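First up is the structure itself, then whatever we jot down about it.
Counting convention: from 1, in listed order, for ligands and their atoms alike. All values reported here derive from a predicted model rather than from experimental measurement.
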Amino acid sequence: MNFKITGTGSYLPNKILTNQDLSEMVDTNDEWIIQRVGVKTRHVAEEESAEDMAVAAAEKALEMSGVSASELDLIVVATFSGSTIIPSVAGVVQQRIGAVCPSFDISSACSGFIFALDTAAGFFERGKAKKALVIGTEKISKFVDWNDRNTCVIFGDGAGAAVLEEGDGYLSSYLFTKGGNDVIEIPAYGGISPFDKVEHKRSTIFMNGQETFKFAVKAITSDLMKVVHDAGLELEDIDYIVPHQANMRIIQYAVQRLKIPQEKFFVNIEKYGNTSAASVPIALDELNRSGKLKKGMSVAMSAFGGGLSSGACVLKWYI
Ligand code: UT7
């Protein structure tokens, strides 16, 4: 027995940053950003923390599922941008929503939500959880170098969540890590030891865009083919694909390579940019609330990014 998703939720911070706003901060323009990335606006947190956004998304997912926080057996949060290193974001969420269950964070950058779902799947498999909450939340804006046009036009803040309950809605999954890679990195998190003789490194995102792009297009196509096959399905059996919203051109590449109609790929990058671990659950929630997903449909999700890492899974939709 594994899980099925019974509720989704998401939260985007109130402040919207447009391409025009960014063109007043760095040497960029609306046309370049739309053509090369596909983003028109992104939300940035002014007052909200990663924890605040996670709680807001979680409350919506719990409300949809009808599960109360006190019933949860597990909370897993995918993030790298919590307010504190200790306690974990999941611990703060647990306390604020009134849950009593093991709660912990996992860090796998943009593919974090897929890693978190698979982690939760293990608890269901072992009979350790009947109801769980999985969240992706990121306040990336605090790690962005807002003078670096290579990265600041891409990212945005937000959170997405899913409530999982016992069921047979998790058909297959695949996780991949090519560790120790400096293609995308945030070299430091803060913290200074008086004994440290090592030079202090910056705490802003560096991304080799083209290397990441190459990794991403390979990952999205091969991971999706693998999980669809492992679920005993063909690509044409998949009703919707929820990809990590990293770059519209990566999604278009996958459309061409996999020969899946573009309408099957749910895309909202133009509104929110790349929200890292929050990207897939925000998109899943938006697709779910659009009413397009019907009970019994097959949904594939795919994410890739820092680590380098990637992951994908296939769900049978039960809501
Ligand atoms: O979520 C984690 C995973 N991340 C990804 O999957 C991201 C993958 N990579 C990408 O999405 C793309 O590589 C980027 C969007 C980051 C960059 O697009 P690109 O097509 O690879 O551009 P580039 O880095 O090759 O730069 C092309 C040109 C350069 O100018 P020159 O050297 O040709 O004169 C850049 O300086 O575009 C210039 N450029 C910009 N121009 C205007 C770079 N950033 C900007 C900008 N505005 N914001």
Side-chain angles (χ1 to χ4, degrees), residues 17-42 78-81 107-115 136-141 143-160 175-179 181-186 204-224 241-255 257 265 267-270 272-283 301-312:
L17 201 64
T18 65
N19 291 347
Q20 177 60 32
D21 295 332
L22 282 166
S23 70
E24 288 161 22
M25 296 161 63
V26 290
D27 180 16
T28 191
N29 57 76
D30 185 51
E31 193 189 354
W32 191 95
I33 304 171
I34 290 173
Q35 275 182 5
R36 306 298 287 182
V37 198
V39 184
K40 292 182 182 163
T41 58
R42 69 286 293 143
T79 188
F80 62 78
S81 52
S107 170
S108 190
C110 301
S111 48
F113 185 75
I114 306 287
F115 276 65
T137 186
E138 299 287 15
K139 183 169 174 164
I140 309 179
S141 53
F143 291 121
V144 170
D145 176 351
W146 291 99
N147 295 310
D148 176 12
R149 70 175 183 171
N150 291 300
T151 48
C152 74
V153 301
I154 297 167
F155 294 103
D157 298 332
L175 306 179
F176 173 80
T177 305
K178 187 180 174 189
N181 215 298
D182 60 3
V183 173
I184 310 179
E185 61 171 3
I186 302 174
T204 49
I205 293 181
F206 162 81
M207 180 169 71
N208 180 331
Q210 288 180 2
E211 284 304 311
T212 311
F213 198 95
K214 279 187 234 162
F215 172 75
V217 292
K218 196 159 171 268
I220 190 172
T221 50
S222 61
D223 291 4
L224 279 171
I241 295 173
V242 181
H244 171 41
Q245 312 285 314
N247 186 319
M248 191 57 208
R249 287 187 292 138
I250 294 171
I251 295 169
Q252 282 161 350
Y253 183 92
V255 168
R257 279 293 294 271
F265 281 80
V267 178
N268 62 8
I269 187 173
E270 70 281 4
Y272 309 135
N274 178 342
T275 56
S276 187
S279 146
V280 166
I282 291 171
M301 306 199 287
S302 164
F304 39 81
L308 293 169
S309 66
S310 72

Report the C-alpha distance between Asn208 and Ile184 in whole Å, list the side-chain angles of each, state the deciding distance to 0.1 Å, and finish with yes or no for side-chain contact (heavy atoms from CB on, under 4.5 Å). CA-CA 6 Å; Asn208 180 331; Ile184 310 179; over 6 Å; no
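- Listed by number with element, the atoms of ligand 1 under 4.0 Å from a non-hydrogen atom of Ile250 are 6 (O).
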Between Phe265 and Val255, does a side-chain contact (heavy atoms from CB on, under 4.5 Å) hold up when you go through it step by step? CA-CA 8 Å; Phe265 281 80; Val255 168; 3.6 Å; yes
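- Annotation: side chain of Asn268 is in contact with side chain of Ile282 (closest heavy-atom distance under 4.5 Å).
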Could you give me the CA-CA distance, side-chain angles and deciding distance for Thr275 and Glu138, then say whether side chain to side chain donor-acceptor pair (under 3.5 Å) is met? CA-CA 6 Å; Thr275 56; Glu138 299 287 15; over 6 Å; no
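- For atom 1 (O) of ligand 1, the closest heavy atom belonging to the protein is Asn274 ND2, 2.5 Å.
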Test log, rule side-chain contact (heavy atoms from CB on, under 4.5 Å), inputs Leu22 and Arg42: CA-CA 10 Å; Leu22 282 166; Arg42 69 286 293 143; 3.3 Å; yes
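- If you check which protein heavy atom lies closest to atom 24 (O) of ligand 1, you get Gln210 NE2, 4.2 Å.
- Among all protein heavy atoms, the one lying closest to atom 16 (C) of ligand 1 is Ile154 CD1, 3.5 Å.
- Those atoms of ligand 1 with a heavy atom of Met207 less than 4.0 angstrom away are 4 (N), 7 (C), 16 (C).
- For atom 32 (O) of ligand 1, the nearest protein heavy atom is 4.0 Å or more away.
- Residue Cys110 approaches ligand 1 through these ligand atoms, each under 4.0 Å from one of its heavy atoms: 1 (O), 2 (C).
- Within the listing of ligand 1, atoms 10 (C), 11 (O), 12 (C), 15 (C) sit less than 4.0 angstrom from a heavy atom of Asn247.
- Of all protein heavy atoms, the one lying nearest to atom 43 (C) of ligand 1 is Asn150 OD1, 3.3 Å.
- Proximity to Thr28 (heavy-atom distance under 4.0 Å) selects the following atoms of ligand 1: 42 (C), 46 (C), 47 (N), 48 (N).
- The shortest distance between side-chain heavy atoms of Ser111 and Phe176 does not fall below 4.5 Å.
- Between Ala78 and Phe113, the shortest heavy-atom contact is CB-N, 3.6 Å.
- Distance from atom 3 (C) of ligand 1 to its nearest protein heavy atom, with residue and atom name: Thr212 CG2, 3.5 Å.
- Looking from atom 44 (N) of ligand 1 to the surrounding protein, the closest heavy atom is Trp32 CH2, 3.4 Å.
- Among protein heavy atoms, atom 30 (O) of ligand 1 sits closest to Arg149 NH2, 4.4 Å.
- Residue His244 approaches ligand 1 through these ligand atoms, each under 4.0 Å from one of its heavy atoms: 1 (O), 2 (C).
- In this structure the side chain of Ser141 reaches within 4.5 angstrom of the side chain of Trp146, judged on heavy atoms.
- Of the protein's heavy atoms, Arg249 NH2, 3.6 Å lies nearest to atom 19 (P) of ligand 1.
- For ligand 1, the atoms sitting less than 4.0 Å from at least one non-hydrogen atom of Arg36 are 19 (P), 20 (O), numbered in the order shown with element in parentheses.
- Here is the list of ligand 1 atoms found below 4.0 Å of a heavy atom in Val153: 48 (N).
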